[in-house]
A.B. asks: 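Once you've had a glance at the structure underneath, I'll fire off some questions.
Sequential numbering from 1 along the given sequence is applied to the chain's residues.
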Amino acid sequence: MANLQSLDLIKSRSIAPPIVKDDGPVVIFIGGIHGNEPAGIVALKQLLLELQEQRAFIAGSVYGLIGNKTALKTGQRYCEVDLNRIWSKGEIAALSQQVALNSEQKEQLELWHALQNIVDQHKGPFYFMDLHTTSGPTAPFLTVNDSLLNRRFTQHYPLPVVLGIEEYLQGPLLSYINELGYVAFGFEAGQHDDPLSIQNCYDFARLSLEIIGLIADGSEQEHRLRLGRQCSDLEQFYEIIHRHQVQRREAFKLNPGYRNFQQVPSGTLLGYDGDQAMVLDQKGQLFMPLYQGQGEDGYFLIRSVPAFFLGLSKILRKLRVDKVFPLLPGVHWMTEDKSKLRIDLKIARFFTTEVLHLFGYRKKERSAEELIVTNREAASKHEVYKKATWY
């Protein structure tokens with residue numbers, strides 16, 4: 001694993017001095033939100049120091065922030081709770097009222113203030129990117145909350161884009177930022193201890209600045225090719241179809257040898273979660289199998305999304321066809337901006353997961369009798385990004 005101590009990276013929230021300009025796009029990279037994932041910090045420090053020498057030619061601002069300083073010092077994913085599972089408007093509002101904060105809440109409060117200060121200081125447009133690594137071997141890929149704005153931006157990378165993570169995880173930082181309407185997504189560079197992960201983080205960050213238009217030094221193709229050749233056999237868009245939540249962490253054991261994006265047939269015995277055999281009841285591609293001591297996500301299953309359905313969902317969302325939903329029995333708006341629906345499952349049984357996905361409803365709260373679903377299209381700040389060359 002990359003040695004943070006020798007690089008003196010964990011004393012400040014900032015990885016290195018930022019590039020700050022009065023106007024232009026603002027890019028905020030975040031590394032090490034999990035303490036056993038330092039590759040992004042090492043790469044971002046190198047990049048930011050290089051950019052300092054070229055700052056006169058940079059058409060915007062670039063920040064690099066450290067996520068969980070305390071956990072990074074110990075090399076653990078987290079100390080008390082997962083810092084990337086506690087982001088919501090309610091959680092943040094409650095922080096100022098609490099007398100005693102745990103380790104991750106202190107980190108969250110500091111990080112939130114740092115992000116807020118950046119947003120207050122600039123006009124934007126803003127881009128938020130969270131750099132990660134995985135416990136199992138993988139080609140690099142992007143995890144993206146399923147909004148048309150995020151899709152439109154991330155399609156410019158030569159990387160697989162995995163949609164729908166917000167449907168299965170509660171409280172990721174970037175889901176919170178997406179609710180504010182900004183472009184925000186995650187980059188997974190490779191395995192924690194693989195030296196290539198640092199290079200991938202560097203190439204991703206540099207390519208991001210090229211796509212946004214902050215730099216134009218002719219190196220885009222080099223970074224694009226280096227990333228793209230690692231995933232040339234993969235589709236561009238996938239969606240998550242299943243998550244296995246770990247029941248007994250001390251007794252969870254995934255059979256060795258699985259890779260990210262590996263095809264697995266129905267009936268495969270993946271391992272054991274305590275006394276429970278993890279046998280697949282559907283086929284799919286394995287996604288982020290858990291090979292580390294912390295974490296509640298045992299594995300996910302994903303499947304590729306055909307271009308036809310991506311195009312259809314784009315049309316349906318742009319036309320806001322979902323506005324007619326509350327005319328149907330058992331369906332009601334829950335918010336004034338018409339981004340959240342309450343569905344009575346005893347009456348409106350025709351609302352399947354696939355139908356809801358087409359219209360952009362991914363985030364779900366379910367009980368035996370009702371389903372509450374959220375659509376982020378209304379929050380997306382399309383008008384802020386329309387002048388960008390990538391839009």
Side-chain angles (χ1 to χ4, degrees), residues 13-15 26-37 40-41 63-72 76-98 100-120 124 126-133 142-147 149-150 162-188 240 243 245 288 294-297 300 335 339-340 362-365 372-376 378-381:
R13 184 65 56 188
S14 294
I15 294 171
V26 182
V27 182
I28 302 100
F29 294 110
I30 302 161
I33 201 165
H34 292 135
N36 60 341
E37 302 178 21
I41 300 176
Y63 292 83
L65 300 179
I66 292 179
N68 196 333
K69 295 189 298 179
T70 307
L72 282 160
Q76 299 181 90
R77 181 180 172 90
Y78 55 83
C79 296
E80 296 174 75
V81 296
D82 193 328
L83 180 56
N84 205 30
R85 298 293 185 271
I86 56 175
W87 291 86
S88 70
K89 292 178 181 178
E91 291 269 9
I92 291 171
L95 288 177
S96 60
Q97 308 299 321
Q98 292 181 233
L101 302 178
N102 65 37
S103 176
E104 270 69 33
Q105 287 174 322
K106 292 175 183 176
E107 297 281 351
Q108 181 184 26
L109 191 58
E110 273 191 32
L111 181 55
W112 183 81
H113 282 307
L115 294 170
Q116 192 63 53
N117 286 339
I118 294 170
V119 173
D120 290 344
F126 296 95
Y127 301 82
F128 296 83
M129 304 176 197
D130 193 8
L131 278 58
H132 289 266
T133 51
L142 305 177
T143 55
V144 178
N145 280 210
D146 187 11
S147 70
L149 182 60
N150 274 344
V162 181
L163 301 170
I165 194 76
E166 72 271 34
E167 193 168 3
Y168 294 89
L169 302 182
Q170 293 296 319
L173 169 60
L174 295 183
S175 290
Y176 168 76
I177 294 174
N178 274 145
E179 290 176 3
L180 303 178
Y182 302 116
V183 170
F185 59 98
F187 172 65
E188 299 278 355
I240 298 173
R243 169 189 179 241
Q245 181 172 354
M288 293 202 292
Q294 291 179 310
E296 303 304 319
D297 309 314
F300 297 84
T335 55
S339 63
K340 184 175 288 191
R362 288 263 182 191
K363 189 175 180 182
K364 297 189 294 188
E365 304 167 50
I372 297 173
V373 291
T374 304
N375 186 326
R376 292 204 172 92
S380 294
K381 300 178 184 292

A.B. asks: Compare all side-chain heavy atoms of N117 with those of Y63 and state whether any distance is below 4.5 angstrom.
C.D. replies: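 A side-chain contact is absent here, since even the closest heavy-atom pair is not under 4.5 Å.
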A.B. asks: For Q108 and I86, what are the C-alpha separation, side-chain angles and deciding distance, and is it a side-chain contact (heavy atoms from CB on, under 4.5 Å)?
C.D. replies: CA-CA 8 Å; Q108 181 184 26; I86 56 175; 3.4 Å; yes
A.B. asks: According to side-chain hydrogen bond (donor to acceptor under 3.5 Å, both in side chains), who are the partners of E167, at least two apart in sequence or on a separate chain?
C.D. replies: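 By the side-chain hydrogen bond (donor to acceptor under 3.5 Å, both in side chains) rule, E167 matches H357, K364.
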A.B. asks: For the residue pair R85 and D297, establish whether any side-chain heavy-atom pair is separated by less than 4.5 Å.
C.D. replies: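 They are in contact (side-chain heavy atoms under 4.5 Å apart), so the answer is yes.
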A.B. asks: Hey, could you give me the CG/CD1 distance between L131 and I15, rounded to the nearest 0.5 Å?
C.D. replies: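 So the CG of L131 and the CD1 of I15 are separated by 8.0 Å.
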A.B. asks: Can you name the closest pair of heavy atoms from T143 and F185 and give their distance?
C.D. replies: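 It is O-CB, 3.5 Å.
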A.B. asks: With sequence neighbours left out, what residues match R77 under salt bridge (charged side-chain N to carboxylate O under 4.0 Å, His left out)?
C.D. replies: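 Salt bridge (charged side-chain N to carboxylate O under 4.0 Å, His left out) check on R77 returns E37, D82.
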A.B. asks: Is the positively charged end of K89 above the ring of Y176, judged by distance under 6.0 angstrom from the centroid and angle within 45° of the axis?
C.D. replies: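 No cation-pi geometry.
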A.B. asks: The criterion is side-chain hydrogen bond (donor to acceptor under 3.5 Å, both in side chains); which residues satisfy it with Y78, sequence neighbours excluded?
C.D. replies: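 Y78: no side-chain hydrogen bond (donor to acceptor under 3.5 Å, both in side chains) contacts found.
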A.B. asks: Of all the heavy-atom pairs spanning L111 and G67, show the shortest one and how long it is.
C.D. replies: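 Of all heavy-atom pairs spanning L111 and G67, the closest is CD2-CA, 4.3 Å.
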A.B. asks: Using atom types as modelled and distance alone, determine if a side-chain donor or acceptor of Q105 lies under 3.5 Å from a backbone N or O of N102.
C.D. replies: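 Yes, because the side chain of Q105 sits within donor-acceptor range (under 3.5 Å) of the backbone of N102.
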A.B. asks: Rounded to the nearest 0.5 Å, how far does CD of Q170 lie from CG of N84?
C.D. replies: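 Between N84 CG and Q170 CD, I get 12.5 Å after rounding to 0.5 Å.
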A.B. asks: Write down the atom of K381, the atom of L180, and the distance for their closest heavy-atom approach.
C.D. replies: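 Between these two residues, the closest heavy atoms are CE-O, 2.8 Å.
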A.B. asks: Under 4.5 Å between any side-chain heavy atoms of L163 and R362, yes or no?
C.D. replies: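 Side-chain contact under 4.5 Å: yes.
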A.B. asks: Find out whether L174 and N145 are in side-chain contact, i.e. whether some heavy atom of one side chain is under 4.5 Å from a heavy atom of the other.
C.D. replies: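 Of all side-chain heavy-atom pairs linking N145 with L174, none is under 4.5 Å.
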A.B. asks: Go through the steps to decide whether F126 and L115 satisfy the test side-chain contact (heavy atoms from CB on, under 4.5 Å), and finish with yes or no.
C.D. replies: CA-CA 11 Å; F126 296 95; L115 294 170; over 6 Å; no
A.B. asks: Taking C-beta and beyond as the side chain, do I41 and L72 meet within less than 4.5 Å on heavy atoms?
C.D. replies: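 I41 vs L72: side chains touch.
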A.B. asks: To the nearest 0.5 angstrom, please state how far the CD1 atom of I118 sits from the CG atom of L65.
C.D. replies: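 Going from CD1 on I118 over to CG on L65, the span is 4.5 Å.
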A.B. asks: From I66 CD1 over to I30 CD1, what is the distance, rounded to the nearest 0.5 angstrom?
C.D. replies: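 With rounding to 0.5 Å, CD1 (I66) is 11.5 Å from CD1 (I30).
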A.B. asks: Tell me every residue that passes ring pair (Phe, Tyr, Trp, His ring centres under 6.0 Å) with F187, counting only those two or more places apart in sequence or in another chain.
C.D. replies: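 Result, ring pair (Phe, Tyr, Trp, His ring centres under 6.0 Å) vs F187: F204.
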A.B. asks: Going by the salt bridge (Lys or Arg N to Asp or Glu O under 4.0 Å) test, which pairs reach into residues 100-109, not counting sequence neighbours?
C.D. replies: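 Qualifying pairs, neighbours excluded: R13-E107.
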A.B. asks: Between the main-chain N or O of S103 and the side-chain N or O of E80, is there a donor-acceptor pair closer than 3.5 Å?
C.D. replies: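 Yes, because the side chain of E80 sits within donor-acceptor range (under 3.5 Å) of the backbone of S103.
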A.B. asks: Heavy-atom distance under 4.5 Å between the side chains of E166 and E179, does that happen here?
C.D. replies: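 Of all side-chain heavy-atom pairs linking E179 with E166, none is under 4.5 Å.
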A.B. asks: When rounded to the nearest 0.5 angstrom, what is the spacing between NZ in K363 and OG1 in T374?
C.D. replies: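 So the gap between those two atoms works out to 6.0 Å.
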A.B. asks: For Y182 and F128, take the angle between the two ring planes, folded into 0 to 90°, and tell me which bin it lands in: parallel under 30, tilted 30 to 60, perpendicular over 60.
C.D. replies: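 Y182 and F128: tilted rings.
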A.B. asks: Starting at CG of D130, measure out to CG of L142 and round the result to the nearest 0.5 Å.
C.D. replies: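 It comes to 12.0 Å.
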A.B. asks: Return yes if some donor-acceptor pair links the side-chain N/O of Q245 with the main-chain N/O of E296 below 3.5 Å, else return no.
C.D. replies: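 Looks like no, no N/O pair under 3.5 Å.
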A.B. asks: So, using side-chain hydrogen bond (donor to acceptor under 3.5 Å, both in side chains) as the criterion, who are the partners of N150 when residues are at least two apart?
C.D. replies: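 So N150 forms a side-chain hydrogen bond (donor to acceptor under 3.5 Å, both in side chains) with N178.
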